[in-house]
Amino acid sequence: MMYAKVIVDVTAGQTNKAFDYRIPEELIDLILPGMRVIVPFGPRKIQGFIWEITENTELDRVKPISEMLDPYPVLTNEMLQLGQWLAEETVCFLITALQSMIPSAIRAKPKKILKLSTEEQYLPASLQAVFAGKSSVDWNTIPNEKEIFSSIKQAVEKEEIEVDYLVKDKTKKKTIQSIRMNPQYRGVRFADILGNRAKKQIAVMEWFDTRYPDEKIPIKEVIDTLQTSKHTMQQLITKEMLFLEELEEYRDPYSDRFFEPDPRPELTGQQKHVLAPVRTAVDHNQDTTFLLRGVTGSGKTEIYLRAIEKVLEKGEEAIVLVPEISLTPQMVERFKGRFGSKVAVLHSALSAGEKYDEWRKIHRKEVQVAVGARSAVFAPFEKLGLIIIDEEHEGSYKQEDHPRYHARHIAIWRGSYHKCPVILGSATPSLESYARAKRGVYELLELKERVNNIAMPEVNIVDMRKELRKGNRSAFSELLLQKLKDRLDRNEQAVLFLNRRGYSTFVMCRNCGYTAECPHCEITLTYHHTQRKLKCHYCGYEEPMLTTCPACESEHIRFFGTGTQKVEEELTKLLPEARVIRMDVDTTSKKGSHEKLLQAFGNGEADILLGTQMIAKGLDFPRITLAGVLAADTMLHLPDFRASERTFQLLTQVSGRAGRDKLTGEVVIQTYTPDHYSIEHAKTHDYEAFSLEEMGHRKRSGYPPYYYLALVTIAHEDVVKVMQTAEKIASFLRSSFSPQTKVLGPTVSPIARIKDRYRYQCMIKYRNEPDLKSILNKIANRYQKEMATDKLFISIDMNPQMFM
DNA sequence: AGCACGCCGACT
DNA sequence: GTCGGCGTGCTC
């Protein structure tokens, strides 16, 4: 007897293990680990993944596998191992980890249906209405009424109807009608068979015979190229000289786009210098992690492209991760331009079907390069030669729901599995990565100069406190306004960056720039309107709301935040002749609108591009000579220990937009805290100095990279319940860990309530805690029942990026 | 997560 | 005495 251990698609602690099933005779040797199957589970049928094939089982009652869903495993052996590691590492269920590695389109969803086993006329009237002439109905379409459900129950008992479970694959492959010639007619004289008068039919057959004797050609293409008709084709099909067949087609989101071949520029000296060790690592199968720090405009992308060339020469494959691919169409263009059809693109704006098709190209080894956002790190290549993570510091590489993985972590795991290098690229690496590079864990590569020796843009810092004193209450300083006018006169372009509204409300003195901070955590205090108090979201410290500024005694102390729309209105009032394109969530929600707006701006249809985060990167237009940051402080004062780091990264990123070609660029940064180190170092483009100073802060207050963090969030509708549970968890954690590990909280979550659930959190700071994961797992198990029944929510986030 | 089984109150 | 409320525990 052969058995299979199956991981079933039920996300619950009690089912987070393999279940044994018998492999039916006809499937023995066909079923392999990594395939999806349908199995009976209790009274229903669900999907599962084959984990392992065994020859025996310890159980005496084992059901057979109902169905095999794949002719060929969707998960490679590597993926199965990676899944197990991922589940342990992020404290999530194995099935959740496995499910996240394949496109959502192949996740079959179970369907409950009601089948008629007798004549409809014998049913009670209420049920006849339900069936209405059909032999089966979808459970979900049945009206939610008591009487109907009770008559269903009775009918089931009387065996008039039966409940059935279908697990249908959602995948739909798009097919097109195609033509293939009947091989029997190869090389014959068609006039002999068709007669001399059937000129058109002869032409079609000869075309096939000489050019495509074995190939399937889409019917539309035949008609178009031969200028013939559907009728002619139909006649040949009836004579069985041609066969009508289905050709599987990929939904190629880029099919109607022409990609300009990307020129292969001469490398600069420093580029060559940086590329050499990468090529060596590729050649010698070394699983080195490189940290490529290159200032904006230093040609990091060209390094990626050259390294990939090497990988392809070796007959291997490469993955390129970019922060949010729809945000960087220019990047896609370069990869498609250089490697053409060898590239699959996986971005979040694709439909589920399109994503599945791109994924399938990788799975079938039809492409060698995958370019995509976070989840592309799971691209199912089997001969990986290189993984690149561009803008490695970006927060979007961390998935914010289960499994809460960081793409960098996965990339390095896969690198060591395949014995291939990983390149982390950024102008402003995360402190974690930079610290590792300094310690020699990663190999540091640097590009210190821009290509063609273009100067770094000049950065002007505008003190908005002074503007206020001068009586300027608008969002635009005199300097910025004047420079915008200059650009209009010179017919150059400008980008204006406005931070997304702070998600939490912070308080700032508009007179002196003072913001309230927690005395214990170096974190901005958050204003809670209901209690009129300022609170720390890390440790729970609180103080009453300020009415006057403790630093300068001014009464100009208040909340902060402005929206893009308001700024746009103000801008058109101040500069009515300027043509403005606004890019934010509202104007880019429609598919493709993002790209269209950027294209319009690139074509010079506007003078000013005003937007949020999304315009900060990947934008490379030669006529942009001015970049403005309207309020650098909004991000600086978020209640997050990474606030300074994010501000520095963002300012550097935005500055990089200006003057990338022959025209030199300028940057204007407006702020209420001009002497903050993240702003000062952004002015001088000095990453080294910034990181040094920030590391000091991190060391003093015990944050990464000096300590690791884990965040436990507890949520429930009842505040008292949440507080009690959180308290219990915190004390359990405190008693379980070694004394060097600190447990902060419980405290209110920065988003205190989501969907009517109150949220509290505990933060764990640790350096060396070998049992951490097992202790956290214990918590997850201990509260599992309450989570299932009592709407209690407990989430565990290892190395959180956000503290919401 | 579903779903059945099972034990208590309010209805024919 | 039955129907149906939801608490409890299992699913190979």
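Residue numbering restarts at 1 for every chain, and letters A, B, ... go by the order of the sequence lines.
When the P atom of C:dC10 is taken as reference, atom CZ of A:R61 falls 13 Å away, rounded to whole Å. The nearest whole Å value for the distance from the CG atom in A:D60 to the P atom in C:dT11 is 11 Å. One can place CD of A:Q99 at 15 Å from P of B:dA1, the figure rounded to the nearest angstrom. Between A:I38 atom CD1 and C:dT11 atom P the separation is 21 Å, expressed in whole Å. When rounded to the nearest whole Å, the span between CD1 of A:I46 and P of C:dC10 equals 17 Å. Residue A:F19 contributes atom CZ, which lies 13 Å from atom C1' of B:dG2 at whole-angstrom precision. Rounding to whole angstrom units, CZ of residue A:R107 and P of B:dA1 are separated by 12 Å. The separation between A:Q14 atom CD and C:dG9 atom C1' is 7 Å, rounded to whole Å.
Using a 4.0 Å heavy-atom cutoff across all strands shown, A:F41 reaches at least one base atom of the nucleic acid. Using a 4.0 Å heavy-atom criterion, one finds that A:T11 contacts the sugar-phosphate atoms exclusively. Within 4.0 Å of A:R22, counting heavy atoms only, lies no atom of the nucleic acid at all. Backbone-only contact: A:K112 has heavy atoms under 4.0 Å from sugar-phosphate atoms and none from a base. Counting non-hydrogen atoms under 4.0 angstrom, A:V62 reaches the backbone sugars and phosphates but no base.
A:Y417 does not carry A:K419 over the face of its six-membered ring by the limits of under 6.0 Å from the centre and within 45° of the normal.
Between A:L346 and A:K355, the shortest heavy-atom contact is CD2-O, 3.9 Å.
Helical stems in DNA chain C, defined as runs of 3 or more consecutive Watson-Crick or G-U wobble pairs with both donor-acceptor distances under 3.5 Å, are listed by first residue as B:1-11 with C:1-11.
The base of B:dA4 has none of its N or O atoms less than 3.5 Å from a complementary donor or acceptor on the side chain of A:R44.
Under 3.5 Å, the side chains of A:S430 and A:R408 contain a donor-acceptor pair of N or O atoms. Side-chain contact, A:Q761 with A:T747: no donor N or O sits under 3.5 Å from an acceptor N or O.
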Let me check something: any side-chain donor-acceptor pairs from residues 86-99 of chain A under 3.5 Å, sequence neighbours excluded? List them with distances.
unit_1: A:E89; atom_1: OE2; unit_2: A:K773; atom_2: NZ; d: 3.0
unit_1: A:T90; atom_1: OG1; unit_2: A:L86; atom_2: O; d: 2.8
unit_1: A:Q99; atom_1: NE2; unit_2: A:D9; atom_2: OD1; d: 3.2

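In summary, the aromatic rings of A:F737 and A:Y766 are positioned with their centroids too far apart to meet the 6.0 Å limit. Ring-centre distance between A:H409 and A:W413: not below the 6.0 Å cut-off.
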